[in-house]
Amino acid sequence: MMKLRDNMVTIAMFGTGYVGLTTGVCLAELGNTIICVDIDAQKINNLKKGILPIYEPGLDKLLEKNLDKIEFTTDGAQAIKNADVIFIAVGTPSQSDGSANLDYVRNVAKIIGKNIESYKVIVDKSTVPVGTADMVRDVISTYYSGDFDVASNPEFLKEGSAVDDFLNPDRVCIGVASKKAKSIMLDVYGNMPDDKIMVTDVKSAEMIKYASNTFLALSISFVNELTQIYPNHNIRHVTAQMKETINQKGFFNIGLGFGGSCFPKDVKEFLHTFNVNGIESEILDKIITVNEKQKTRFVPVIKDKLGNLENKKIALLGLAFKPNTDDMREAPSLALISQLKSLGAQIIAYDPIAMTEAKHYLNDSIEFSSNSLETVDGADALIIVTEWEEFKQLKPEEIESRLSNPLICDGRNVFSEDAFSQVTYIGVGSGKQKMTDEELTVVFNSFFNTTALYKDALHQLASKVSANIEDVIHGMMLDSRIGPNVFRE
Ligand code: UGA
């Protein structure tokens, strides 16, 4: 139940990418006044007309609803002067050593330092390594000697359901260093139920984000690795039992691995943080290795069934890294296409939303189709890469009748084997063999050993970077996809 607003806050939001834009629009929905700032004048002009630079379900309608509370501008200096709170939501791309590039964050801090004239709370919203708030404080202090606070308010939004995640969160995590900053941040989230708000120190908040994302990536790689170790077993039964045991909702879906702008980048950055702090963690390395292997797991299967792939026509349904987004960053489809093409295969692909974006990555190296069934026409094999709802609605018999060769590799378990009568259907982790009780015990022990190792590594890191480990673990477990029972005491 939403509370009635007491205080409305004026917020400057630097960055109108996925995070900044969604956060800005949703904070307006919570009753705040927002000034969205971006250096890209074209983007700002479009936003003024209600044209969004990204595809995110529900965001256009929410923007329209809150237009009276949102201003779009390229004038950062003025926005800083007018705001009570300044959010930094600019990009932090990965560098070759895995660390996040903080140049954009540093630039915004500099602009703030040069233009701030009175007390403000500056909030790191971008996913930034532990210690970034200190850096932001130092940069601002170079130019400004007055009072201000730097807070950390990590986002836990999933692309494709970001609006709903924002408005109905598992938790809102606020890391602050003063009572004044705490009170202002509680005003910002004044319309959010109290039991959703978790207040910590700044470093713990920074660490919770990485600890959570890395853990989620770890759980995906754990179950995907099971499909590599036990190729003939039904792993989907096993993951169902695991979810029940640890009381975790919505994750552990096996498939062609994770992509996107967050998990791959955040795992690498977290690994980098462990390394620079002299903490060894084998399991973190493995998250990425397993994931890379998983993206192309069907290539040997297809080679086995079709022999030489030279000029064989392979149809791909789905290009985006997951459904309900047009985001192609680190999409498993890219690694898969690259490997199939290197073996001489001809690729034809279709994605309901991501094709324009995909063309920036693939140019004319593959053929793009205009609908699902046309993609499958005359193909030697079909690979389902993204679990779009549209694909779930396809009639199995129509797919079968259009394929020139009867092979379907279902990378997201959209269908099941019994849906098809005339084709060889291969899912991920949907082998026929059932795990024995002994094998199940081994898997469960291995999972809990892995989570214990992870927790131990977090302990070591928290003590090095002066974060509160209890808060970090608590903040992780509040995520319903991680759950309260992931660590066996
Ligand atoms: C992820 C986190 O889930 C968010 O909580 C976080 O805020 C966000 O990163 C971020 O750091 O900004 P996102 O990358 O949008 O969100 O997408 P997810 O839905 O988590 O999926 C990530 C990848 O994992 C996708 O490729 C998806 O297909 C894959 N995945 C997800 C699986 O393979 N199995 C699953 O069970 C879940």
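Quick caveat, the model's predicted, so the values are computed rather than measured. Both counts, for ligands and for their atoms, begin at 1 and track the order of listing. Note: hydrogens, waters and symmetry copies are ignored here, and every other heavy atom, side chains too, is used.
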**OP:** Considering the heavy atoms of D266, write down every atom of ligand 1 situated less than 4.0 Å from one of them.
**Re:** 11 (O)
So, [X] versus [Y]: side-chain donor-acceptor pair below 3.5 Å or not?
X	Y	answer
N66	E29	yes
E206	T132	no
Y55	E159	no
D418	S416	yes

Subject >> Listed partners of E269 passing salt bridge (Lys or Arg N to Asp or Glu O under 4.0 Å), at least two apart >> reply: none
Identity and separation of the nearest protein heavy atom to [atom]:
atom	value
atom 36 (O) of ligand 1	N253 N, 2.8 Å
atom 12 (O) of ligand 1	E155 OE2, 2.5 Å
atom 28 (O) of ligand 1	F321 O, 3.6 Å
atom 37 (C) of ligand 1	F251 CZ, 3.4 Å
atom 19 (O) of ligand 1	K322 NZ, 2.9 Å
atom 15 (O) of ligand 1	E159 N, 2.7 Å
atom 1 (C) of ligand 1	F263 CE2, 3.5 Å
atom 32 (C) of ligand 1	I220 CD1, 3.4 Å

cation_pi([X], [Y]) dist<6.0 Å, angle<=45:
X	Y	value
K125	F87	no
K359	F368	yes
R171	F156	yes

Has [X] got any heavy atom lying under 4.0 angstrom from an atom of ligand 1?
X	result
R412	yes
E330	no
G260	no
G259	yes

Original post:
Which of these, T16, T22, L21, T23, sits in a side chain to side chain contact (heavy atoms under 4.5 Å, CB included) with V19?
Top reply: T23
**OP:** Flag N213 as yes when one of its N or O atoms lies below 3.5 Å from any N or O atom of ligand 1, and as no otherwise.
**Re:** yes
**OP:** Only heavy atoms count here, so choose which of Y18, F258, F156, Y210 is nearest to atom 23 (C) of ligand 1.
**Re:** F258
Subject >> Charged N-O contact under 4.0 Å between K203 and D134 >> reply: yes
